[in-house]
Amino acid sequence: MTAADGVPTAFPDNDGKPVGHGRMLRKEDRRFIRGRGRFVDDRQLPGMLYLAILRSPLAHARITRVDTLAAEAHPKVKLVMTGADLAARNLAWMPTLSHDVQAVLATDKVRFQGQEVAFVVAEDRYSARDALELIDIDYEELPAVVDVRTALASDAPVIRTDLEGKADNLCFEWETGDAVATDAAFAAADVVVLQDMVYPRVHPAPLETCGAIADYDAIDEKLTIWSTTQAPHLHRTLYALFSGVPEHKIRVVSPDIGGGFGNKVPIYPGYLCAITASVVLGKPVKWTEDRSENLTSTAFARDYVMRGEIAATRDGRILGLRSTVLADHGAFNGMATPTKYPGGFYGVFTGSYDIEAAYCRMTAVHTNKAPGGVAYACSFRITEAVYFVERMVDRLAAELDLDPVELRRRNLIRPDQFPYRTRTGWVYDSGDYPATLAEALRIAGYDDLRREQAQRRARGELMGIGVSVFTEAVGAGPRADMDIFGLGMADGCELRIHPTGKAVVRLSVQTQGQGHETTFAQIVAEEIGIPPADIEVVHGDTDQTPFGMGTYGSRSTPVSGAAAVLVTRKVRDKARLIAAGMLEVAPTDLEWGRGAFRVAGDPAKSVAIAEIARHAYGGSLPPGVDGGLEAQVTYDPANLTFPNGAYICVVDVDPGTAVVKVRRFVAVDDCGTRINPMIVEGQVHGGLTDGVGMALMEMISFDEEGNCLGASLMDYLLPTAVEVPDWETGYTVTPSPHHPIGAKGIGESATVGSPPAVVNAVVDALKPFGVRHADMPLTPSRVWDAMSGRAAPPI
Ligand code: MCN
Ligand code: CUM
């Protein structure tokens, strides 16, 4: 029973249930595989103009003179604007999602290479680019702050001179956990291990770069913005605050998006330049970034210099964990940071372990680099936290000469400890970590692998086995704890059932490739008995969808997915009243199942949802029941959901060339109830590829003058099918107790959990050389240095 396009209409092989159906193909692929996706840059509007941005060639410099006359004289140029022009309109600075401000166009100084300095709007893209070269700017170069370790030195040049009274480069300081209890735990320990490590600066590098079309209609005073955003409603509110155009006159449309991976969460100056230009000119204005603009000026992630200290008993009971972090946030703090958590969710750095005492101290600094600390399939710093704790546990295992799996087993949070409160105050909802680990060990054949490793070592071969047992935290909430820009963390969802029994569900989140058009149809189908093929999913348009915070931190399933369940149940509650009227029984006499209400004890008497829908519009209704069949809810989650996983990586290192080959990778994930197993597996495959990329090849570095050394995909290496193995995946299911169908997010788990598994494997392979740690990315030269006992050059 399959509709022509491969979307099944019934699910006899899954006990009639759309949720969990293994072969439910993606509805959106109808257009994608036929090349019919519609991305921002595909849209052409009549009379549209093109905007290009002039960027700073220097990392830190005072602007002493700007001359735009020649550019303005270009026959095809319609508008040139500089920071001073924006300042005259009070539009030169914009808020970031983390209580900082960022220059839309530089006024006084440039603070990173690639920073926006001026823009040109012309009749075509080529003229706009050409005219950039006619703008003449004099810079007085200033020394650049590139190394986080010296950013707070007393003689370091101050970057944020825009902030009144600011005399240093401190971005923020933050601590979590109990310093005194942790000191005591260390004092009582048999073994203490210290390890320094760096999580390099990386970039999400989605296939589609960022861009926007702003179209201001001066007659209606209405502003429409088609943009590459993961959070259309959040952006609309910020555009209203920035531009002065009232919020009800702004429509943000996020059409098909060619990958986000966090890159499309922040607001970028380019969006605001396009808006300003359109308001000034009264014409649609398009801005499309090129690859090197995307790689040098948008949303960087990680960039943590971490010191770890772990304390344990001789038999491997972990007593304490201390983490000291120096975080590089670049020139402007661009991260989307919930109000109470300046360090994002790094506070979960105790990971999957029942550690008695923990303490973290974080110092975040500004440097002359593009805004950092943003996002890359990371759940807002959990990637760093997981890497940290999984490396520290491995480091301890080496010190104690214990098998890393055995050490983990002795310290994992037990299933009977849930809900589990960490020493830093997070409440993990559910999980069975030993079971997940056991499943990964089973698939990998761990004991055989260790035997094989011993044989290979005896032959001088370098085989490594790495383990990571991680806990994710996704689906931010509740409102009382989490909050971006005073807007809470809730999501709305609206469901309408039409008279013929077909439905439309409207989401506040936005898909960038995750398959929401399919999975949300499955969620609604499961609850109301209408086949997924008959449910249209509408998202990414603020005029058509209820308010919500958007897609990041893998929150769509935990938050918006819950809203979809609850709105459908609300509609079903109304359908029950209508059905009771139709069958002339009390609502409580009805039983729900397989898309129909039946009279209890007399199942022959029933009405299906399509009949109820028709009746809801045209039939006579019980007193107090109004017509139609639709509802809306806003869901504010009670807590985050905490997915988990156990990963095992097997590598071979070539002793002659130091090239790392990932031979096998086993990933067992637990994201609670799985809505679409095929999509879940696809999410895991993608995240593992990201993770192997970060572990082995991805890094954006800067020279001493702050020149970005990763401005193209020739320099910033991304993994391809050649570098990754055939993934071996498995799963366990521990439903979330507070999610209405027990689902947790999965979108970032594999990116979060896989890098430490790879690094642990490489370090394990290098054990014969006495190597205890090596920093990512584990390129051949770094592995070679580690084998030769040389420290890796600083980042
Ligand atoms: N899913 C499911 N069952 C579950 C959990 C999820 O079937 N128990 C399905 C969902 O219905 C959805 C997909 O898996 O179709 C991912 O769901 P979820 O974990 O809720 O994550 P989001 O939909 O909120 O997506 C965001 C997440 C993030 S934050 C990044 S970054 C990332 C990721 O998703 N960016 C991606 N995966 C990506 N995948 C693609 N193709 N492109 C991106 O930009
Ligand atoms: Cu942290 S990248 Mo995703 O949350 O959009």
Side-chain angles (χ1 to χ4, degrees), residues 18-22 24 26-29 32 97 202-208 228-231 256-266 299-302 335-337 344-345 373-384 472-476 491 507-524 526 537 539 548-562 564 641 643 669-690 731 733-736 739 741-752:
V19 162
H21 191 270
M24 171 86 186
R26 300 196 337 157
K27 295 173 82 172
E28 41 271 85
D29 288 343
F32 289 137
L97 299 179
V202 292
H203 196 282
L207 208 54
E208 179 203 29
T228 51
T229 169
Q230 298 179 217
D256 285 332
I257 299 289
F261 307 104
N263 189 234
K264 290 160 182 170
V265 180
F300 285 94
R302 326 287 190 251
M335 180 183 180
T337 314
F345 295 176
V374 190
Y376 167 8
C378 57
S379 296
F380 301 100
R381 300 304 197 181
I382 295 176
T383 320
E384 291 89 325
E472 250 272 65
V474 297
D491 271 279
L507 315 179
S508 58
V509 292
Q510 154 67 14
T511 178
Q512 303 96 48
Q514 297 88 337
H516 292 179
E517 287 166 43
T518 307
T519 46
F520 279 81
Q522 286 177 268
I523 291 174
V524 173
E526 175 85 13
V537 176
H539 58 94
M549 294 302 278
T551 294
Y552 41 83
S554 302
R555 60 191 299 285
S556 301
T557 304
V559 188
S560 188
T641 66
D669 275 281
D670 188 339
C671 62
T673 304
R674 303 185 316 155
I675 293 151
N676 186 313
M678 180 195 74
I679 287 180
V680 168
E681 201 171 330
Q683 290 289 301
V684 171
H685 286 189
L688 294 174
T689 307
D690 269 343
Y731 65 98
V733 175
T734 329
S736 169
H739 186 282
I741 56 171
K744 305 179 179 186
I746 188 66
E748 297 160 301
S749 287
T751 323
V752 167

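Counting starts at 1 for both ligands and their atoms, following the listed order. Every heavy atom of this structure was used, including side-chain atoms; hydrogens, water molecules and symmetry mates were not.
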task: Considering only non-hydrogen protein atoms, determine which one is nearest to atom 17 (O) of ligand 1 and report residue, atom name and distance to 0.1 Å.
output: T557 OG1, 3.4 Å

task: Show your working on side chain to side chain donor-acceptor pair (under 3.5 Å) between Q230 and T551 and close with a plain yes or no.
output: CA-CA 5 Å; Q230 298 179 217; T551 294; over 6 Å; no

- prompt: If you measure every N/O of F261 against every N/O of ligand 1, is any gap under 3.5 Å?
  reply: yes

query: What residue and heavy atom of the protein are closest to atom 11 (O) of ligand 1, and at what distance?
result: T519 OG1, 2.7 Å

message: With a 4.5 Å cut-off on side-chain heavy atoms, are I257 and K264 touching?
response: yes

statement: For G262, the atoms of ligand 1 under 4.0 Å from one of its heavy atoms are 31 (S)

- request: Anything protein N, O or S sitting under 2.8 Å from atom 1 (Cu) of ligand 2: count it and give me the total.
  value: 1

task: Kindly indicate whether the side chain of M678, heavy atoms from C-beta on, has any atom under 4.5 Å from the side chain of R26.
output: yes

field: Residue selection (non-hydrogen contact nearest atom 9 (C) of ligand 1) among I679, T673, I741
entry: I679

field: Enumerated ligand 1 atoms positioned under 4.0 Å from heavy atoms of G745
entry: 19 (O)

statement: Here the atoms of ligand 1 under 4.0 Å from any heavy atom belonging to Y552 are 29 (S)

- request: Give yes if a backbone or side-chain nitrogen or oxygen of I746 is under 3.5 Å from a nitrogen or oxygen of ligand 1, and no if not.
  value: yes

- prompt: Considering only the protein, which heavy-atom contact is closest to atom 13 (C) of ligand 1, and what is its distance?
  reply: Q514 O, 3.6 Å

statement: Among non-hydrogen protein atoms, atom 4 (C) of ligand 1 lies closest to K744 O, 3.5 Å

- request: Report yes if some heavy atom in the side chain of L507 is under 4.5 Å from a heavy atom in the side chain of F520; otherwise report no.
  value: yes

- request: Measure the CG-OG distance between D670 and S736 for me, rounded to the nearest 0.5 Å.
  value: 10.5 Å

task: Report yes or no: do Q512 and Q510 form a side-chain donor-acceptor pair below 3.5 Å?
output: no

- request: List the closest protein heavy-atom neighbour of atom 24 (O) of ligand 1: residue, atom name, distance to the nearest 0.1 Å.
  value: S556 OG, 2.6 Å

query: Is any side-chain heavy atom of D669 closer than 4.5 Å to a side-chain heavy atom of I746?
result: yes

G260 neighbourhood, listing ligand 1 atoms whose heavy-atom distance to it stays under 4.0 Å: 43 (C), 44 (O)

- line: Filtering V680, V509, D670, T551 for the heavy atom nearest atom 2 (C) of ligand 1 leaves V680

query: Near Q230, which atoms of ligand 2 are under 4.0 Å from a heavy atom of that residue?
result: 5 (O)

- request: Start with the C-alpha gap between H539 and E517, add the side-chain angles, then the distance that decides, and say whether side chain to side chain donor-acceptor pair (under 3.5 Å) holds.
  value: CA-CA 8 Å; H539 58 94; E517 287 166 43; 3.1 Å; yes

- prompt: What residues, two or more places apart in sequence or in another chain, satisfy side chain to side chain donor-acceptor pair (under 3.5 Å) together with T751?
  reply: none

- request: Give yes if a backbone or side-chain nitrogen or oxygen of R674 is under 3.5 Å from a nitrogen or oxygen of ligand 1, and no if not.
  value: no

- prompt: To which protein heavy atom is atom 39 (N) of ligand 1 closest, and what is the distance rounded to 0.1 Å?
  reply: Q683 NE2, 3.2 Å

message: One pair to check against side chain to side chain donor-acceptor pair (under 3.5 Å): Q683 and E681. What are the steps and the verdict?
response: CA-CA 5 Å; Q683 290 289 301; E681 201 171 330; over 6 Å; no

query: In the protein, what heavy atom is nearest to atom 21 (O) of ligand 1, and what distance, to one decimal place, separates them?
result: S554 CA, 3.6 Å

- prompt: For the side chain of E208 and the backbone of G258, is there at least one donor-acceptor N/O pair under 3.5 Å apart?
  reply: yes

statement: Near G553 (heavy-atom distance under 4.0 Å), the atoms of ligand 1 are 29 (S)

task: Compare all side-chain heavy atoms of R381 with those of C378 and state whether any distance is below 4.5 angstrom.
output: no

query: Tell me: protein heavy atom nearest atom 3 (N) of ligand 1, and distance?
result: I675 N, 3.0 Å

message: Strictly distance-based, threshold 3.5 Å: is any side-chain N or O of Q522 a donor or acceptor partner for the main-chain N or O of P18?
response: yes

task: Mark up the atoms of ligand 1 that fall under 4.0 Å of a heavy atom belonging to G259, in ascending order.
output: 44 (O)

- prompt: So, is G513 polar-close to ligand 1, with some N/O to N/O distance under 3.5 Å?
  reply: yes

Atom of P266, atom of L97 and distance for their closest heavy-atom approach: CA-CD1, 4.0 Å

Polar contact flag for Y376 and ligand 1 (N/O pairs, less than 3.5 Å): no

task: Report yes or no: does C671 have a heavy atom closer than 4.0 Å to ligand 1?
output: yes

- prompt: Does the ring of Y552 carry R555 above it, NZ/CZ under 6.0 angstrom from centre and within 45° of its axis?
  reply: yes

message: Before you tell me yes or no, could you show the steps for E28 and T518 under side chain to side chain donor-acceptor pair (under 3.5 Å), namely the whole-Å CA-CA distance, both residues' side-chain angles and the distance that decides it to 0.1 Å?
response: CA-CA 7 Å; E28 41 271 85; T518 307; 2.5 Å; yes

message: Distance under 4.0 Å to a non-hydrogen atom of A377: what atoms of ligand 1 satisfy this?
response: 31 (S)

task: Answer yes or no: is there a donor N or O on one side and an acceptor on the other, between the side chain of N676 and the main chain of I679, under 3.5 Å?
output: yes

message: Within the 4.5 Å heavy-atom criterion, are D690 and F261 side-chain neighbours or not?
response: yes

- prompt: Would you say the side chain of I382 lies within less than 4.5 Å of the side chain of E384, judging by non-hydrogen atoms?
  reply: no

pair Y376-T383: side-chain heavy atoms closer than 4.5 Å: no

message: Tell me whether H516 has any N or O atom under 3.5 angstrom from an N or O of ligand 1.
response: yes

query: Does N676, backbone or side chain, put an N or O under 3.5 Å from an N or O of ligand 1?
result: yes

task: Looking only at distances, please establish whether an N/O atom of ligand 1 is found under 3.5 Å from an N/O atom of E748.
output: no

task: Indicate yes or no: does an N/O atom of G747 lie under 3.5 Å from an N/O atom of ligand 1?
output: yes

